[in-house]
Amino acid sequence: MKIGLLALQGDYAKHGRILSQLGIQTELIRYPQQLEDVSGLIIPGGESTTMSKLIDVSKFRQPILSFAERSPILGTCAGLIMMARLLQDDTRINTLAIMDVTVTRNAYGRQMDSFVDDLTVNLADHQKTITATFIRSPQINSIGPDVEILACYNNDPVAVRQGLHIGLTFHPELNDVTLFHELAFGGNSN
Ligand code: GLN
């Protein structure tokens, strides 16, 4: 199995390190045809205004949508913004609408620009506490009926799953948290 890291912009390299800890090979994805080589995709954190433009300029939109019909995608932070059905506050970003969630960008304001805290993640038959780093995080404002909440922070959903896909408002790759990569792409230590 090989997992693609969408390498247009953002912190894709750190996800490569997490996947190598899990013994999973990765490929930096810079051209749409490369999606044929991989069985899952990470859309990393970064700057969603830039990522949105690059997805269209590089002709990734339709290939990512087709990929999402059959293969898992893990989106973190700006990656989650790109996966959302609707973005409340920024018309510059053309989201992919892969997950039935609505989000607001940079929702935690200046004082809470960036913070680290523990989160409890609800798994099928147990809970797990992880450390989460939030950096200019989006807020999930609403979720559709097919979306499952894996974790909340102050009553806001911050980790969600819909079918094959997982979206996170924080950065698990900055705290060596492998849980979501395992949940998205397989593995056994969750
Ligand atoms: N605030 C950024 C955006 O809107 C996301 C930040 C991040 O990915 N850490 O794109």
Side-chain angles (χ1 to χ4, degrees), residues 3-19 26 28-30 40-58 60-61 64-65 68 72-119 121 130-143 147 150-154 156-162 165-181 183-184:
I3 300 299
L5 309 174
L6 188 64
L8 298 175
Q9 196 268 337
D11 88 326
Y12 50 85
K14 295 209 174 69
H15 288 279
R17 261 177 262 156
I18 297 285
L19 289 167
T26 57
L28 297 184
I29 305 291
R30 296 204 161 99
L41 180 70
I42 292 184
I43 307 183
E47 185 54 45
S48 51
T49 45
T50 311
M51 216 182 279
S52 174
K53 274 190 211 118
L54 291 175
I55 282 175
D56 285 321
V57 167
S58 318
F60 263 106
R61 180 165 297 269
I64 291 178
L65 291 176
I73 301 183
L74 171 64
T76 60
C77 210
L80 166 67
I81 295 172
M82 289 311 306
M83 287 170 84
R85 177 173 64 76
L86 185 72
L87 176 64
Q88 305 273 18
D89 59 339
D90 200 324
T91 52
R92 291 171 299 172
I93 297 164
N94 191 6
T95 66
L96 294 160
I98 289 168
M99 295 187 84
D100 190 6
V101 299
T102 67
V103 299
T104 309
R105 293 179 68 213
N106 304 328
Y108 294 93
R110 274 176 180 267
Q111 263 173 347
M112 294 277 275
D113 226 20
S114 163
F115 55 99
V116 182
D117 213 336
D118 282 353
L119 280 186
V121 184
I130 54 135
T131 303
T133 297
F134 294 81
I135 303 169
R136 299 198 305 119
S137 287
Q139 184 176 32
I140 297 175
N141 305 112
S142 69
I143 62 168
V147 177
L150 296 173
C152 283
Y153 186 73
N154 290 341
D156 289 335
V158 292
V160 289
R161 171 155 64 183
Q162 180 176 5
H165 311 306
I166 292 181
L168 309 173
T169 67
F170 55 90
H171 288 269
E173 75 284 6
L174 298 182
N175 295 93
D176 275 338
V177 172
T178 55
L179 174 64
F180 300 100
H181 296 72
L183 285 175

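Reckoned from all heavy atoms, side chains included, excluding hydrogens, waters and symmetry mates. Just so you know, ligand 1 is whichever comes first in the structure, and atom 1 is the first atom listed for that ligand. The first residue of the sequence shown is numbered 1, and numbering continues consecutively from there.
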>> Between E47 and K53, is the salt bridge (charged side-chain N to carboxylate O under 4.0 Å, His left out) condition met? List the steps.
In response: CA-CA 10 Å; E47 185 54 45; K53 274 190 211 118; over 6 Å; no
>> Can you list everything that forms a ring-ring contact (aromatic ring centres under 6.0 Å, His included) with F180? Sequence neighbours excluded, please.
In response: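 If we apply the ring-ring contact (aromatic ring centres under 6.0 Å, His included) test to F180, skipping adjacent residues, the hits are F170.
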> Side chain of N175, backbone of I130: donor and acceptor closer than 3.5 Å?
Replying inline: no
> So, the side chain of T26 versus the backbone of G16: is there a donor-acceptor pair under 3.5 Å, distance only?
Replying inline: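 Such a contact is absent between T26 side chain and G16 backbone.
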>> On a heavy-atom basis, which atom in A68 and which in I73 lie closest, and how many Å separate them?
In response: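 Heavy-atom minimum between the residues: CB-CD1, 3.8 Å.
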>> Ignoring hydrogens, what is the shortest heavy-atom contact between T95 and R61? Give both atom names and the distance.
In response: O-NH1, 3.1 Å
Could you list each N/O atom of ligand 1 together with any protein N/O atom closer than 3.5 Å, one pair per line with the distance?
unit_1	atom_1	unit_2	atom_2	d
ligand 1	1 (N)	N106	OD1	2.4
ligand 1	1 (N)	R136	O	2.9
ligand 1	4 (O)	S48	OG	3.1
ligand 1	4 (O)	R105	NE	2.5
ligand 1	4 (O)	R105	NH2	2.8
ligand 1	8 (O)	G46	N	2.9
ligand 1	8 (O)	G46	O	3.2
ligand 1	8 (O)	A78	N	3.1
ligand 1	9 (N)	I135	O	3.0
ligand 1	9 (N)	H171	NE2	2.8
ligand 1	10 (O)	S48	N	2.5
ligand 1	10 (O)	S48	OG	2.7

